[in-house]
Amino acid sequence: MMEKTILIRNIRTPFEETIVLKGWLHNIRISGKIAFLILRDGTGYIQCVLSKSAVGDESFEKYTKISQESSIQVYGTIREDKRSPIGFEMDVQKIDIIQQAEDYPISLKEHGVGFLSNIRHLWLRSPKQRALLVIRDLVALKIREFLHNEGFTCIDSPILTGSAAEGTTTLFELDYFGEKAFLSQTGQLYQEAAAMAFGRTYCFGPTFRAEKSKTRRHLTEFWMVEPEIAYCDFEENMAIQERMILFLIHSCLELAGTELKTLERDLSPLTKIKAPFPRVKYEEILQILNQHDRGKQWGDDITGLDETIISNEFEQPVFITHFPVESKAFYMKADPTDPRVVLAADLMAPEGYGEIIGGSQRIDSLEDLLTKMNQYGLKQEDYQWYIDLRRFGSVPHSGYGMGLERFVGWMGGIEHIREAIPFPRTIEKIYP
RNA sequence: UCCCCGAUAGCUCAAUGGCAGAGCGGCUGGCUGUUAACCAGUAGGUUGGGGGUUCGAGCCCCUCUCGGGGAGCCA
């Protein structure tokens, strides 16, 4: 007979007939004539109870020698059990050993991050890593769902680009049939073109920064979602971001409870979050920082440490707005009421997580754009297509970029965002 | 590129300049309700590489390599 294969996540009722679970051995505890095998199949964990009286001496001997992470198919029945974290256990009748694993390097005890990073291909199997990457998948799905429901069309920007969007020092350069090309550090400029065609657009994919940053919030390859909205001003831009963040938080709380629990995430800071998020001008932020003896003057950057201070100061995410013109990218629109500042806003997540979104209203006047490009030393011929957008039906428009790993890292409450991407690339890690 | 910290058993870590150790993992045995199970036994080491000081270096000094954290920059 052919037994039915069941995914652990789909076990919601007992099965009196024999079924089969296909997975890997996470852990085994042997107590004389009874053994407890924790099986994982990628969708969940279940304890399989193996008793000598049920399978016989010979099988019991064989099955209790299965090593951690061996691939196995377990046949048996499913029974409710109040002692189980998922409410069910399997009574084992038979086990097929697909491959007996060699000594597995990751034990159930603690390990250092350097060791684990070198075996990331195996580390992915650990419960917390699984939980975090499941949340990543959920967040990515819900970003698309949110934007789709708000009338956005996904128009992917190219990853290979011929010219720099924001200076060349932080770009990965490569040879493109004898010409210089770069890995994209933002898809934004292309989204501005797309938004003029589709109204509301976004791109969502990998971006690359050759910055030699060695911090808990930096990767050289990371995923970014970049919405761009035609006929949208600075204020409406923030309102959309606010709605998106709330939707994503609520989605995680509602749909990823198991994973958040696995990560031992304290949920109270997340459940407290509600709109509207505070909007605080750069100038006022400087004052707050100076109350912490940061000695800030007009024009100074908000550094990583400053971000941590700010994001600990508020329980809610905070928009920092109205940055000095010189500190921001060339395409940002100056505030008509205060030309010293641009209509830009960075969103700081609370709990010390810092910046997760950078956004702005873009320059829509041809004249202003050309002036600004000139000031930033950008050649018009490299950006002719971009300039064109101000010549053929230019409109007020705004957009933002959110770093997926930073958001996921915040949701998961983790220390370092390298765990929020399956195979992180950092300044000194490109393997595995 | 710069600053700080680190490298000892497969892993996580101890060891006043004086015999290199523990827990986990491995292996052997015990236990029919374990939850990172527990108990007993056992194997496991060129203390990251090179040089120096010293009667004597895991420990002090120099240097290199690698790893971690941070600065600058950014999502």
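Excluded from the calculations below are hydrogen atoms, water molecules and symmetry mates; all remaining heavy atoms, backbone and side chain alike, are included. First the proteins, then the strands, lettered A, B, ... as listed; each starts at 1.
- Rounded to a whole Å, the CD atom of A:E415 is 13 Å from the C1' atom of B:G70.
- Regarding A:I66, its CD1 atom lies at a distance of 18 Å from the C1' atom of B:C27, rounded to whole Å.
- For the C1' atoms, the distance linking B:C59 with B:A20 amounts to 12 Å, nearest Å.
- At whole-Å resolution of the value, CZ in A:F115 and P in B:A9 are 12 Å apart.
- The side chain of A:H416 lies closest to B:G69, out of B:G70, B:G33, B:G69.
- Closest contact between the side chain of A:V49 and the listed nucleotides B:G33, B:G70, B:A36 involves B:G33.
- Nucleic acid contact class of A:S84 (heavy atoms, under 4.0 Å, all strands): none.
- If you look at A:W223 and A:F407, their ring centroids are not closer than 6.0 Å.
- Within 4.0 Å of A:Q47, counting heavy atoms only, lies at least one base atom of the nucleic acid.
- Rounded to a whole Å, the CZ atom of A:F323 is 13 Å from the C1' atom of B:A75.
- Spacing between atom CG of A:D81 and atom P of B:U34 amounts to 11 Å, rounded to whole angstrom units.
- Tested against A:I285 for a side chain to side chain contact (heavy atoms under 4.5 Å, CB included), the candidates A:I309, A:D306, A:I310, A:N290 yield a single pass: A:I310.
- To the nearest whole angstrom, the two P atoms, one in B:G72 and one in B:G56, are 48 Å apart.
- Annotation: B:A57 and B:A15 have their C1' atoms spaced 13 Å apart (nearest Å).
- Two residues, A:S117 and A:I357, neighbour RNA chain B, and the one matched to the more 5' nucleotide by heavy-atom proximity is A:S117.
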Worksheet item: For RNA chain B, what is the dot-bracket line, given that a base pair needs Watson-Crick (N1 to N3, plus N6-O4 or O6-N4) or G-U wobble (N1-O2 and O6-N3) geometry with both distances under 3.5 Å, and | means paired with another strand?
Response: (((((((..((((....[..)))).(((((.......))))).....(((((..]....))))))))))))....

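- Note: A:F319 and A:F277 have tilted aromatic rings, judged against thresholds of 30 and 60 degrees for the angle between ring planes.
- Using cut-offs of 30° and 60° on the angle between ring planes, the pair A:F247 and A:F146 is tilted.
- Of the residues in residues 20-35 of chain A, those with a non-hydrogen atom less than 4.0 angstrom from any atom of RNA chain B are A:N27, A:R29, A:I30, A:S31, A:G32, A:K33, A:I34.
- Looking at residues two or more places apart in sequence or on another chain, you find a side chain to side chain contact (heavy atoms under 4.5 Å, CB included) between A:A420 and A:L132, A:E405, A:V408, A:I414.
- Applying the 6.0 Å contact sphere to NZ of A:K328 captures more than 12 heavy atoms from other residues, nucleotides or ligands.
- Between A:R418 and A:M402, it is A:R418 whose nearest contact on RNA chain B lies nearer the 5' terminus.
- Using a 4.5 Å cut-off on side-chain heavy atoms (C-beta onward), A:L171 and A:F208 make no contact.
- When each of B:G33, B:A75, B:G70 is scored by its nearest atom to the side-chain atoms of A:M224, the top-ranked nucleotide is B:A75.
- With its ring centre under 5.5 Å from that of the base six-membered ring and a plane angle below 30°, A:F222 counts as stacked on B:A75.
- Residue A:H218 places a side-chain atom within donor-acceptor reach of the base of B:C74, judged by atom type and a 3.5 Å distance cut-off alone.
- In the set B:U12, B:U34, B:C73, the nucleotide with an atom closest to the side chain of A:D301 is B:C73.
- Here B:A75 presents its P atom at 15 Å from CD1 of A:I245, a figure rounded to the nearest Å.
- Remark: the separation of the P atoms in B:C3 and B:G18 is 32 Å, to the nearest Å.
- A distance of about 16 Å separates the C1' atoms of B:A7 and B:U63, rounded to the whole Å.
- Between the A:K379 side chain and the A:M373 main chain, no donor and acceptor come within less than 3.5 Å of each other.
- Note on A:E228 versus A:R362: salt bridge recorded, some NZ/NE/NH1/NH2 to OD/OE distance being below 4.0 Å.
- Which of B:G68, B:G72, B:U34 sits closest to the side chain of A:V113 comes down to B:G68.
- A donor and an acceptor atom never sit less than 3.5 Å apart when one is taken from the side chain of A:Q185 and the other from the base of B:C73.
- If you take atom P in B:C13 and the same atom in B:G69, they sit 13 Å apart, rounded to whole Å.
- Dense packing is recorded around CD of A:E351, with more than 12 heavy atoms of other residues, nucleotides or ligands lying under 6.0 Å away.
- Residue side chain A:E89 reaches the base of B:G33 through a donor-acceptor N/O pair under 3.5 Å, judged by distance alone.
- Taking atom C1' on both nucleotides, B:G58 is separated from B:A9 by 14 Å, rounded to a whole Å.
- When each of A:V139, A:I357, A:L147, A:L404 is checked for a side chain to side chain contact (heavy atoms under 4.5 Å, CB included) with A:V225, only A:L147 meets the rule.
- Picking from B:G70, B:G33, B:C74 the nucleotide with the shortest atom distance to the side chain of A:E307 gives B:C74.
- The side chain of A:R406 sits closest to B:C74 out of B:C74, B:G33, B:U32.
- Straight-line distance between the C1' atoms of B:C27 and B:U46: roughly 25 Å, to the nearest whole Å.
- Under the 4.0 Å criterion applied to side-chain N and carboxylate O atoms, A:D233 and A:K333 are not assigned as salt-bridge partners.
- What separates CZ of A:R217 from C1' of B:C73 is a distance of 12 Å, to the nearest Å.
- The shortest distance between the side-chain N/O atoms of A:T303 and the OP1/OP2 oxygens of B:G72 is below 4.0 Å.
- Remark: P of B:C13 and NZ of A:K109 are 14 Å apart, rounded to the nearest angstrom.
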